[in-house]
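Notes follow once the structure below has been shown.
Sequence lines set the chain letters: A, B, ... in the order given, protein chains first and strands last, and positions in each chain run from 1.
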2 protein chains.
Amino acid sequence: MGDPKPTIADVARAAGVSKGLVSFVFNDRPGVAPQTRARIREAAAAIGWRPSLSARSLSTRTSFALGLVVRRDPRVIAADPFFPAFIAGVEMGLTGEGRILVLSVVPDADTELRTYRRLVADSRVDGVFLTDLRYDDRRLALLAELGLPAVMIGHPDRSSAFPVVNLDDAHGVRQSVAHLVGLGHSRIAYVAGEPQMVHGRRRRDSFVDAMTGAGLHPDRVVDTDFSAAAGAAETHRLLDAASPPTAIVYASDPMAIAGMGVVHQRGLRVPADISITGFDGTDLARHVYPSLTTVVADPAAWGREAARTLLQLIAVAEAPNLELPAAELLVGASTGPPSHADRTPYPAHYKETPCVDAL
Amino acid sequence: MGDPKPTIADVARAAGVSKGLVSFVFNDRPGVAPQTRARIREAAAAIGWRPSLSARSLSTRTSFALGLVVRRDPRVIAADPFFPAFIAGVEMGLTGEGRILVLSVVPDADTELRTYRRLVADSRVDGVFLTDLRYDDRRLALLAELGLPAVMIGHPDRSSAFPVVNLDDAHGVRQSVAHLVGLGHSRIAYVAGEPQMVHGRRRRDSFVDAMTGAGLHPDRVVDTDFSAAAGAAETHRLLDAASPPTAIVYASDPMAIAGMGVVHQRGLRVPADISITGFDGTDLARHVYPSLTTVVADPAAWGREAARTLLQLIAVAEAPNLELPAAELLVGASTGPPSHADRTPYPAHYKETPCVDAL
DNA sequence: ACGGTCGGCTAAACCGGTTTAACCCACAAG
DNA sequence: CTTGTGGGTTAAACCGGTTTAGCCGACCGT
């Protein structure tokens, strides 16, 4: 009954050894006779002892926790499809027992940095995930200074000592452009995400590259904050232009869906009048009408591998960079050839992008 | 410099007192002379000492962390607008320094219960948030047995010793029905969420009540798992019926948006042929076309108040139940009168539900 | 027979706080 | 002048592990 919870001393006594030896055994240290080892394990199992995490934390200065600090506008966070899936993936990577995830959502840069400082000051985490990397990201210097292990989700703008787990999202953007060009579009707009975010700008850059590579002018590129509201507003602006686009590539599914709403609201048809593509491959994108052509990434896998990498980094002080399968275009019904008048003069020499089927 | 981080002993020495007294001061215990108190605080500030969390955890058996275990199907979690906002709100409620959030995402009931057990076995958290309460929820008994403080997000199916922080979502559902009835609808369907979840079924029940209260038959009620896919599938089924509904009330925005997709796909118009309402009040709902009539709740406020309540419960072993402002209907463009043939014989005696304006 | 090495193990210090028992001293009451 | 009271303070035990220094005995080579 209400036994006051066994301690390592109880196990030691039961096995007839010293506390230290019990500790050795449970930390897989060499220098313990096999039979003694077995006897200790047996005694521990019989008593039902498990080492106290708090005590271990105190003497080893380890928290057995991983941290994720998310800096996002509260308005945007609710719609973002990335983090929940990413976190679910992290959980998978933590399966090996013992480690948990500490999550913090902060509104601005100062709070973000303060949060990291607190996390290490209180040694609440053994390492962190760096998501939404920005240009001149102050976190990189801070974490290096604090000596906190970290793994970067996506490539940073500069080289850094932290390992990278990357998922080539630019590939999906290039495929989107190729797909649209193949359909005969030439006036293609891009509604980008936050330009301060490395991945936001990289996707935009790859759009620009793909366009120029196709001999097209990448004008009609606008930045947003990833929100549905911004997506809608920019869509209005694009359509108000003297020579509106015949296709719009959005940097996220929520923006694309909001953009589609604007197009419909204006009495235009998708894809007859305007083709639309998104980014994320959300479940919802498959169920709007017309179903969204979008780029599917696998944020859960990203989280899982990031967790594994971080655990390895913490364990052996180094971990290799990891490249995940690239984001792929999933062609839906929201893209089609432009109306005849808008066709490119020469039939597209781009071959149709292969369609990745949904599961 | 690389000073090995000051400890309480350093402070004691600097202030010319014993370690114990320093501890007393920093725990606001009575029985310390005011001037001594000041001297100790001064010395601590000068040295830059902050008590070690690990050491405190060990001796006080407190983790200074709150836990949230989310059990959701990975497929649904990405689309769910509730948790990110709720978590952001929790963060607000934690502002008072010191406490952090531990998050765990689990796929099934067994893992869920195991996770709670581990959290207390390792005393990782001082209390937890209970979301997505289910009927005969095994967590209630488990947590009571483990003696872990908890606060329930929404009312449970049975009485429990844990405090409740509630947000009346049923009110919004009733408003939805009243709004539709007021427009002249009588064949109103309801696409519910998970029937095992208390709030899922309560919303459904309040739909049924509102319908019978209006003298209508609440047939056309279907259960789902909250996913967009299920929302779409059930919409198809409803529309295939011999006497299809003229309005559909959905238990979530993603389902409503997916349902709207199905309606459009079938060549029907919203709201001319079918009216649609959602639930959540997501940003995206305002930007689809036509803009969704939906019920807006404030999950961030919910999280904030839940956090405060939990902190109070932990601090003084009891906390009052809290009732937040009810979820309110926000009328958009997705609802309108049914086509003439489908009007209710007697003009509606329900007055129009007041429209809550978006910010 | 003897010094040296090495595997196996223990005692004790240590991590950095909290908490309890006891002590000292000043002051009030008897 | 004694005794009691109680505020202010300290020393030491304690939380439950990890880690280091060192001890003991067996086995080795010469």
Side-chain angles (χ1 to χ4, degrees), chain A residues 2-44 47-65 98 120-124 126 314-315, chain B residues 3-44 47-65 98 120-124 126 315:
Chain A
D3 311 327
K5 212 183 215 179
T7 80
I8 195 173
D10 298 322
V11 177
R13 198 174 314 117
V17 296
S18 70
K19 294 195 319 177
L21 211 51
V22 178
S23 177
F24 282 176
V25 168
F26 274 76
N27 288 15
D28 289 320
R29 293 256 281 252
V32 182
Q35 50 183 359
T36 313
R37 194 178 292 271
R39 183 156 41 92
I40 290 176
R41 285 220 175 269
E42 232 167 82
I47 293 183
W49 174 78
R50 291 176 39 78
S52 149
L53 207 70
S54 315
R56 257 152 78 73
S57 293
L58 178 57
S59 47
T60 62
R61 306 162 176 297
T62 302
S63 62
F64 305 98
V120 315
D122 294 345
S123 61
R124 296 222 94 137
D126 303 324
I314 292 168
Chain B
D3 310 327
K5 213 183 216 180
T7 80
I8 196 173
D10 298 323
V11 177
R13 199 174 314 117
V17 297
S18 71
K19 294 196 319 176
L21 212 50
V22 178
S23 177
F24 283 175
V25 168
F26 273 76
N27 288 17
D28 289 319
R29 292 256 280 253
V32 181
Q35 50 182 2
T36 314
R37 194 180 291 273
R39 183 157 40 94
I40 290 177
R41 285 222 176 269
E42 231 168 83
I47 293 184
W49 173 78
R50 291 178 37 79
S52 147
L53 207 70
S54 316
R56 258 151 76 72
S57 294
L58 177 58
S59 46
T60 63
R61 308 162 176 296
T62 303
S63 62
F64 304 98
V120 313
D122 293 347
S123 60
R124 290 276 207 182
D126 302 324

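- Taking 4.0 angstrom as the limit, A:Trp49 places none of its side-chain polar atoms (N or O) nearer than this to OP1 or OP2 of D:dG16.
- Of the residues in residues 15-29 of chain B, B:Gly16, B:Val17, B:Ser18, B:Leu21 come within less than 4.0 Å of DNA chain D through at least one heavy atom, sorted by number.
- If you measure from atom CZ of A:Arg13 to atom P of C:dT10, you get 14 Å, rounded to the nearest angstrom.
- Remark: side-chain polar atoms of A:Thr36 are not paired, donor with acceptor, to backbone N or O of A:Val32 under 3.5 angstrom.
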For this session: Would you sort out whether A:Ser23 and A:Ile8 count as a side chain to side chain contact (heavy atoms under 4.5 Å, CB included), showing the intermediate values?
Result: CA-CA 8 Å; A:Ser23 177; A:Ile8 195 173; 4.1 Å; yes

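- The separation between A:Ile8 atom CD1 and C:dA11 atom P is 14 Å, rounded to whole Å.
- Here C:dC15 presents its C1' atom at 14 Å from CG of B:Leu53, a figure rounded to the nearest Å.
- For A:Arg37 against A:Pro30, the heavy-atom pair with the smallest separation is NH2-CA, 4.2 Å.
- Contact check, A:Arg50 against D:dG16: no side-chain N or O comes under 4.0 Å of OP1 or OP2.
- A donor-acceptor pair under 3.5 Å links the side-chain atoms of B:Ser57 to the main chain of B:Thr62, judged by distance alone.
- Side-chain N or O atoms of A:Asp122 include none that pairs as donor or acceptor with a backbone N or O of B:Leu53 at under 3.5 Å.
- Taking atom NZ on A:Lys5 and atom P on D:dC15, their separation rounds to 13 Å, with Å as the unit.
- Distances from the side chain of B:Thr7 to the nucleotides C:dG8, C:dG17, D:dG17 place C:dG17 closest.
- Between the CG atom of B:Leu58 and the P atom of D:dA13 there is a distance of 17 Å, given to the nearest Å.
- Both B:Ala55 and B:Gly31 lie near DNA chain D, and the one whose nearest nucleotide falls closer to the 5' end is B:Gly31.
- Geometrically, B:Arg50 does not engage B:Phe26 in a cation-pi contact defined by less than 6.0 Å to the ring centre and at most 45° from the axis.
- Atom P of nucleotide C:dG17 and atom CZ of B:Arg61 are separated by 18 Å, given to the nearest angstrom.
- The distance from atom CZ of B:Phe64 to atom P of C:dT18 is 8 Å, rounded to the nearest whole Å.
- Between B:Arg56 and C:dT18 there is a side-chain polar atom (N or O) within less than 4.0 angstrom of OP1 or OP2.
- Using a 4.0 Å heavy-atom distance criterion, B:Thr36 is classed as a sugar-phosphate-only contact.
- Checked for salt-bridge contact, B:Asp28 and B:Arg41 meet the test: a charged N lies under 4.0 Å from a carboxylate O.
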